Amino acid sequence: EVQLVESGGGMVQPGGSLRLSCAASGFSFSNADMTWVREAPGKGPEWVSTINIISGTEYADSVKGRFAISRDNAKNTLYLQMNSLKPEDSARYYCARGPRNVAMMWRDYWGQGTQVTVSA
């Protein structure tokens, strides 16, 4: 069974930083493309970033230059380093298996997510 457990969220001031983690199990993590998705109330799901085994990293325009996706295959863990946070980044962040379109399709596998709130 695919299991994804997000952590690391919290409340930060604008301009602050957070590092999210996603502990993965139930599949071959090192062979999997991985994605971060976020949801804000009334806004719907928004793709954030993907790290592909073959093609590397991809970012939504809204987070380019501020966020960095990475992984530690030895620990079966995906990360999202978030810098220069803005109020618009406030959302619940989810880890998902697969490239962008595939990952967003399987909402039931996103796990509980971790809440990020950017506010003064």
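Here the structure is a predicted model, which is why all the values come from computation and not from measurement.
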Find the distance between [atom1] ([X]) and [atom2] ([Y]) and round it off to the nearest 0.5 Å.
X     : Y      : atom1 : atom2 : result
Cys95 : Gln112 : SG    : CD    : 13.5 Å
Glu88 : Ser62  : CD    : OG    : 9.0 Å
Met11 : Leu18  : CE    : CG    : 11.5 Å
Asn76 : Gln3   : CG    : CD    : 12.0 Å
Thr57 : Met34  : OG1   : CE    : 15.0 Å
Tyr79 : Arg71  : OH    : CZ    : 11.5 Å

Same cluster (ILVMFWY, side-chain, under 4.5 Å), [X] and [Y]:
X      : Y      : result
Met104 : Leu78  : no
Trp47  : Val102 : no
Val12  : Leu80  : yes

(message) Taking the basic N atoms (NZ, or NE/NH1/NH2) and the acidic carboxylate oxygens, is any pair closer than 4.0 Å for Lys86 and Asp89?
(response) no
Counting distance only, does the side-chain N/O of [X] pair as donor-acceptor with the main-chain N or O of [Y] below 3.5 Å?
X      : Y     : value
Tyr59  : Ile69 : yes
Asp33  : Ile53 : yes
Trp110 : Val37 : no
Arg66  : Ser84 : yes
Arg38  : Glu46 : no
Asn52  : Ile54 : no
Thr117 : Ser90 : no
Glu58  : Ser49 : no

(request) Evaluate the side-chain proximity of Glu6 to Trp36: yes if any heavy-atom separation is below 4.5 Å, no if none is. (result) yes
(message) Which label fits Phe27 and Phe29: parallel for a plane angle under 30°, tilted from 30 to 60°, or perpendicular past 60°?
(response) tilted
(message) Tell me whether Arg107 forms a cation-pi arrangement with Tyr94, defined as NZ or CZ under 6.0 Å from the six-membered ring centre and within 45 degrees of its axis.
(response) yes
(request) Please report the shortest heavy-atom distance between Ala103 and Thr35, naming the atom on each side. (result) CB-CB, 3.7 Å
(request) Determine, step by step, whether Thr77 and Asp72 satisfy the side chain to side chain donor-acceptor pair (under 3.5 Å) criterion, reporting the C-alpha distance in whole Å, the side-chain angles of both residues, the deciding distance to 0.1 Å, and the verdict. (result) CA-CA 5 Å; Thr77 302; Asp72 187 337; over 6 Å; no
